[in-house]
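Here the structure is laid out as structure tokens; the discussion comes afterwards.
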Amino acid sequence: MNIVPTKQLDHALVNQFFTDHWGSPEMVVSTGVYHCNELDGFAAVENGQRIVGLITFLIRENECEIISLDSIVENQGIGSAFLRAAETWARQQRCAAVRLITTNDNLHALRFYQKRGYQIVNVFPNAVDKARQIKPSIPFMSPDGIPIRDELLLVKRLDDR
């Protein structure tokens, strides 16, 4: 498996990955509507062309915002490798912090990010209802039976810029 910039991959492969795993390349969060297939990022590629994970991000002022992180192969270090790559990229861009938004039901993501130094700094109650107005395909309930309604902002300071 190799970690490569998404810009080096066939655009159709990246687009298909988001369609298969998110329903579309469009991500709707309180900071905006993003077309993940057009953002900077990294992909984990197996056997030359099979994408097994992908992270996308953008720079806003002096912060890097992770828009998506998806790994279809769990517990292989792909997510951790993506975070290290994104944080290195953010430092190179002179960012003071990396931030991301996840939803209240995503306990796996909350555990994952906090173990890697990210802190919950804000909660946006009922923000997912607003996102559903733009992207109605967002489910109301997680597979675990947790209502999906709030967004949580997590931030990691990059002190060693």
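- Of all non-hydrogen atoms in Lys7 and Leu39, the two that sit nearest each other are NZ-O, 3.8 Å.
- Between Cys64 and Ile59, some side-chain heavy-atom pair lies under the 4.5 Å cut-off.
- Between the CD1 atom of Ile66 and the CD1 atom of Ile101 there is a distance of 11.5 Å, given to the nearest 0.5 Å.
- Legend: salt bridge (charged side-chain N to carboxylate O under 4.0 Å, His left out) pairs involving residues 62-72, not counting sequence neighbours, sorted by first then second residue: Arg60-Glu65, Glu63-Arg99.
- Counting only residues at least two apart or on different chains, no ring pair (Phe, Tyr, Trp, His ring centres under 6.0 Å) pair has a member in residues 66-86.
- At a threshold of 4.5 Å between side-chain heavy atoms, the hydrophobic network of Ile, Leu, Val, Met, Phe, Trp and Tyr places Val14 and Val52 in one connected group.
- Pairs passing the ring pair (Phe, Tyr, Trp, His ring centres under 6.0 Å) check and including a residue from residues 24-49, sequence neighbours excluded, read Phe42-Phe57.
- Looking at residues two or more places apart in sequence or on another chain, you find a side-chain hydrogen bond (donor to acceptor under 3.5 Å, both in side chains) between Ser80 and Arg116.
- For residues 125-141, the salt bridge (charged side-chain N to carboxylate O under 4.0 Å, His left out) pairs, not counting sequence neighbours, are Asp129-Arg132.
- Applying the side chain to side chain donor-acceptor pair (under 3.5 Å) test between Lys156 and each of Gln114, Glu87, Gln119 identifies Glu87 as the sole match.
- A side-chain donor from one of Ser68 and Thr56 sits under 3.5 Å from a side-chain acceptor of the other.
- With sequence neighbours left out, the side chain to side chain contact (heavy atoms under 4.5 Å, CB included) criterion links Asp10 to Ala12, Leu13.
- Between Pro25 and Thr19 the shortest heavy-atom distance is CD-OG1, 3.9 Å.
- Residues satisfying the side chain to side chain contact (heavy atoms under 4.5 Å, CB included) criterion with Asn104, sequence neighbours excluded, are Ile146, Arg149, Asp150, Leu152.
- When every heavy atom of Val29 is checked against every heavy atom of Glu151, the shortest pair comes out as CA-OE2, 3.4 Å.
- Screening residues 92-113 for ring pair (Phe, Tyr, Trp, His ring centres under 6.0 Å) gives Tyr113-Tyr118 as the qualifying pairs, with residues at least two apart or on separate chains.
- With sequence neighbours excluded, the residues forming a side chain to side chain contact (heavy atoms under 4.5 Å, CB included) with Ile134 are Val28, Val33, listed by chain and number.
- You'll find the side chain of Ile55 stays beyond 4.5 Å of the side chain of Thr6, heavy atoms only.
- Pairs passing the ring pair (Phe, Tyr, Trp, His ring centres under 6.0 Å) check and including a residue from residues 127-159, sequence neighbours excluded, do not occur.
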Might you work through the side chain to side chain contact (heavy atoms under 4.5 Å, CB included) test for Leu154 and Val121, ending with a clear yes or no? CA-CA 6 Å; Leu154 289 90; Val121 298; over 6 Å; no

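- For the residue pair Cys36 and Ile67, the shortest heavy atom distance occurs at SG-CG2, 3.8 Å.
- Scanning both residues, Ile78 and Ala44, for their nearest heavy atoms gives CG2-CB, 3.9 Å.
- Side-chain atoms of Val155 and Leu100, non-hydrogen and from C-beta on, never get closer than 4.5 Å to each other.
- Applying the salt bridge (charged side-chain N to carboxylate O under 4.0 Å, His left out) rule to pairs touching residues 42-56 yields Glu46-Arg50, sequence neighbours excluded.
- Phe124 and Ile138 are members of different hydrophobic clusters when ILVMFWY side chains are connected at heavy-atom separations under 4.5 Å.
- Qualifying side chain to side chain contact (heavy atoms under 4.5 Å, CB included) partners for Val45, counting only residues two or more places apart in sequence or in other chains: Val4, Leu9, Ala43.
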